[in-house]
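Note sheet for the following structure.
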2 protein chains.
Amino acid sequence: MAYKTEHITQQLRAAREAQKMSQRELSARSGLTQSHISQIERGTMEPGLGSLVDVARALDLEIVLAPKKLMPAIRNILDSASASSDVLTSDQRKLVGRLERWFAQHRGGFGSASEADTFKDSLALLRHLPLSAEEMDTFNEATARLERWQADPPSRQELSRIAHAVRHLRNAAVHRDRDDAVPRSAYALDEEDDNA
Amino acid sequence: MAYKTEHITQQLRAAREAQKMSQRELSARSGLTQSHISQIERGTMEPGLGSLVDVARALDLEIVLAPKKLMPAIRNILDSASASSDVLTSDQRKLVGRLERWFAQHRGGFGSASEADTFKDSLALLRHLPLSAEEMDTFNEATARLERWQADPPSRQELSRIAHAVRHLRNAAVHRDRDDAVPRSAYALDEEDDNA
DNA sequence: CTGACTTATATGGAATTATATATCAACTTG
DNA sequence: CAAGTTGATATATAATTCCATATAAGTCAG
């Protein structure tokens, strides 16, 4: 019964998750109930247009009616924006990459498999979430001896300390408010980097 | 009671009238009742999302959820299309067309697939967005040797230069404000009694 | 004026949504 | 482990939509 509108409600969920907003927070911002939102996102029911408008506004989205023949052009713009996930500094990217490569070879050094998995998952998130300069300092400090870990693996105790630091940074990045988030470029379209 | 969705339902009416379709015909195509459509257009009631989807499809419209930040660019596209399909000079149309045909045969010459895609997408946009006379000069200059590319493909370096020029023109066209837009033909749109 | 066509309204009942309030399982975090 | 979040569900009731069937009212052509 709700298959017609599935693609739209899916977009809502995607947008909410992209902004790392919980259903309850969206509920507070939009005026709808959390339960209501859950049902909409799951396709249990079709929202009224009024509800859609409320939710969209809470997510900073606008509802546009576009002629089908213009969709390629519009998709182009939408895509070029979502592609601007380039918020990470190159330092952060490099460090995460090195840690991931190192981990691929030394995951056995962890106390348990689940601890290793948590570590890997944290790294995966840190690949996508920006860290502040201060946090990067912490990150660097915790992994300062990374270069030598190849030959001389860290002790279990040190490894635990590192894992904790990484998870802490991950949590900070994940739970950062969208408002005081790291500044990002307004328009990806404006970027004219020639050497990309 | 329906103020929130007024702008959307007004768009529906505008689209229907632009296509010179009666409420009855839209009723037949969408599956909704004529009286239902009348109420929606007049704001007597708010349609469900399902009804909106049905009507939109009957009008050849797509419902898009767009980040507010991108609305200027999107409005630009929508406006330039609704203004008239004759905003583009025949020169621009021809040149874009030739480039697209040439590209279909020589996309392999690009450094990477993504670079080639970007080039193609930029062309797709330049098919819909008007360029000023000056920009057309730049465009022409960058592709002056197009006639000979069939027999003698451009070097990778020259190709990169061309791609950059095209992307630059695309960006300029996309982010141009509607107000200082390219001069339009005088009698493009006048038959609209929109009270928005 | 008649006839064809269009949009605006009214009414009433069936179907569905809106909303509040709880509860629950799965996870996270400290 | 204890506390707190998150998302999915379960009710139950109020509010709206949905839709069909008329009907009024306006326009336009012949």
Side-chain angles (χ1 to χ4, degrees), chain A residues 1-5 8-10 12-55 58-59 112 114-115 117-122 124-126 129 160-161 163-178, chain B residues 1-5 8-10 12-55 58 193 195:
Chain A
M1 193 73 102
Y3 300 99
K4 277 184 308 199
T5 60
I8 296 176
T9 53
Q10 284 303 102
L12 289 181
R13 160 161 285 182
R16 177 180 64 80
E17 289 176 345
Q19 297 181 39
K20 299 195 287 281
M21 197 185 296
S22 72
Q23 288 184 347
R24 283 190 164 80
E25 184 177 353
L26 179 57
S27 158
R29 295 198 186 202
S30 64
L32 278 67
T33 316
Q34 178 265 328
S35 137
H36 194 181
I37 292 173
S38 173
Q39 293 180 75
I40 291 173
E41 288 187 348
R42 292 189 60 74
T44 301
M45 58 160 253
E46 267 183 5
L49 182 52
S51 302
L52 176 69
V53 169
D54 289 338
V55 172
L59 289 170
S112 68
S114 73
E115 186 185 3
D117 285 336
T118 299
F119 186 75
K120 197 186 71 170
D121 290 342
S122 296
L125 273 168
L126 287 176
L129 299 174
S160 172
R161 187 180 57 77
H164 184 273
V166 168
R167 200 174 61 223
H168 190 282
L169 287 172
R170 166 221 184 269
N171 289 340
V174 165
H175 290 116
R176 200 194 320 279
D177 269 355
R178 281 163 308 293
Chain B
M1 186 97 57
Y3 303 103
K4 279 183 307 199
T5 61
I8 296 176
T9 53
Q10 287 305 315
L12 290 181
R13 160 163 285 183
R16 177 180 65 79
E17 291 175 344
Q19 297 181 35
K20 299 191 172 39
M21 196 185 298
S22 72
Q23 289 183 345
R24 272 211 159 65
E25 187 178 350
L26 180 56
S27 158
R29 294 195 192 205
S30 64
L32 280 67
T33 316
Q34 177 267 326
S35 100
H36 195 181
I37 293 173
S38 172
Q39 292 179 72
I40 292 174
E41 288 187 348
R42 301 185 52 252
T44 300
M45 55 156 251
E46 273 183 1
L49 183 53
S51 303
L52 177 70
V53 169
D54 288 338
V55 172
D193 56 327
N195 35 8

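The figures that follow rest on heavy atoms only: side chains count, while hydrogens, waters and symmetry mates do not. Naming convention: chains lettered A, B, ... in sequence-line order (proteins, then strands); numbering from 1 in each chain.
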Of all heavy-atom pairs between B/His36 and B/Ser51, which one has the smallest distance, and what is that distance?
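That closest heavy-atom pairing would be CE1-OG, 3.9 Å.
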Please report the shortest heavy-atom distance between A/Ser30 and A/Val55, naming the atom on each side.
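Scanning both residues completely, I find the closest heavy atoms to be CB-CA, 4.1 Å.
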Between [N] ([atom2]) and [X] ([atom1]): distance, integer Å:
{"X": "A/Met21", "N": "D/dT5", "atom1": "CE", "atom2": "C1'", "answer": "16 Å"}
{"X": "A/Glu41", "N": "C/dA18", "atom1": "CD", "atom2": "C1'", "answer": "17 Å"}
{"X": "B/Met45", "N": "C/dA8", "atom1": "CE", "atom2": "P", "answer": "14 Å"}
{"X": "B/Ile40", "N": "C/dT7", "atom1": "CD1", "atom2": "C1'", "answer": "14 Å"}
{"X": "B/Leu49", "N": "D/dC18", "atom1": "CG", "atom2": "P", "answer": "10 Å"}
{"X": "A/Gln34", "N": "D/dT6", "atom1": "CD", "atom2": "P", "answer": "10 Å"}

Are [X] and [N] close enough that a side-chain N or O sits under 4.0 Å from OP1 or OP2?
{"X": "A/Arg13", "N": "D/dT6", "result": "no"}
{"X": "A/Ser38", "N": "D/dT9", "result": "no"}
{"X": "B/Gln23", "N": "C/dA8", "result": "yes"}

Is it true that a side-chain atom of A/Thr9 and a backbone atom of A/Gly43 form a donor plus acceptor pair closer than 3.5 Å?
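It does not hold such a pair.
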Side-chain donor or acceptor of A/Ser22 paired with backbone N/O of A/Glu25 under 3.5 Å
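Flag set: sc A/Ser22 to bb A/Glu25 pair under 3.5 Å.
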With B/Met21, which of B/Gln19, B/Arg24, B/Gln23, B/Glu17 fulfils side-chain contact (heavy atoms from CB on, under 4.5 Å)?
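Only one of B/Gln19, B/Arg24, B/Gln23, B/Glu17 forms a side-chain contact (heavy atoms from CB on, under 4.5 Å) with B/Met21, namely B/Gln19.
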Which nucleotide wins on minimum distance to the side chain of [X], given the candidates [options]?
{"X": "A/Glu46", "options": "D/dG7, C/dT17, C/dT7", "result": "C/dT17"}
{"X": "B/Pro47", "options": "D/dT17, D/dC18, C/dT17", "result": "D/dC18"}
{"X": "B/His36", "options": "D/dC19, D/dT9, D/dG7", "result": "D/dC19"}

Which residues within residues 24-33 of chain B lie with some heavy atom under 4.0 Å of an atom in DNA chain C?
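Residues of residues 24-33 of chain B under 4.0 Å from DNA chain C: B/Arg24.
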Working to the nearest 0.5 angstrom, can you tell me the gap between B/Leu26 CG and B/Asp54 CG?
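If I round to the nearest 0.5 Å, the distance is 10.0 Å.
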Looking at A/Arg16 and A/Glu41, is any side-chain nitrogen of the basic one under 4.0 Å from a carboxylate oxygen of the acidic one?
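Salt bridge: yes.
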Do B/Ile40 and B/Leu52 come within less than 4.5 Å of each other through their side chains, counting heavy atoms only?
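The answer is no; the side chains never approach within 4.5 Å.
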B/Leu32 versus B/Ser27: any side-chain heavy-atom pair under 4.5 Å?
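Heavy-atom side-chain distance check fails, nothing below 4.5 Å.
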Interatomic distance at P, C/dT19 relative to D/dC18, whole Å
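One P to the other, the span is 15 Å.
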What is the bend of the helix from C/dA14-D/dT17 to C/dG30-D/dC1 when you compare the axis at one end with the axis at the other, using five pairs each and rounding to 10°?
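Taking five pairs per end, the axes differ by 30°.
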Base, sugar-phosphate alone, or nothing: which one does A/Ser22 contact when heavy atoms must sit under 4.0 Å apart?
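Result for A/Ser22 = sugar-phosphate.
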Determine the contact category for A/Ser35: base if any of its heavy atoms lies under 4.0 Å from a base atom, sugar-phosphate if only primed atoms, P, OP1 or OP2 are that close, otherwise nothing.
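Base: the residue A/Ser35, judged by heavy atoms under 4.0 Å, touches a nucleobase.
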Can you check side-chain contact (heavy atoms from CB on, under 4.5 Å) on A/Leu12 and A/Ile37, steps first, answer last?
CA-CA 10 Å; A/Leu12 289 181; A/Ile37 292 173; over 6 Å; no
By nearest nucleotide on DNA chain D, pick out whichever of A/Ile37 and B/Gln39 is the more 5' one.
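Counting from the 5' end, the first nearest nucleotide belongs to A/Ile37.
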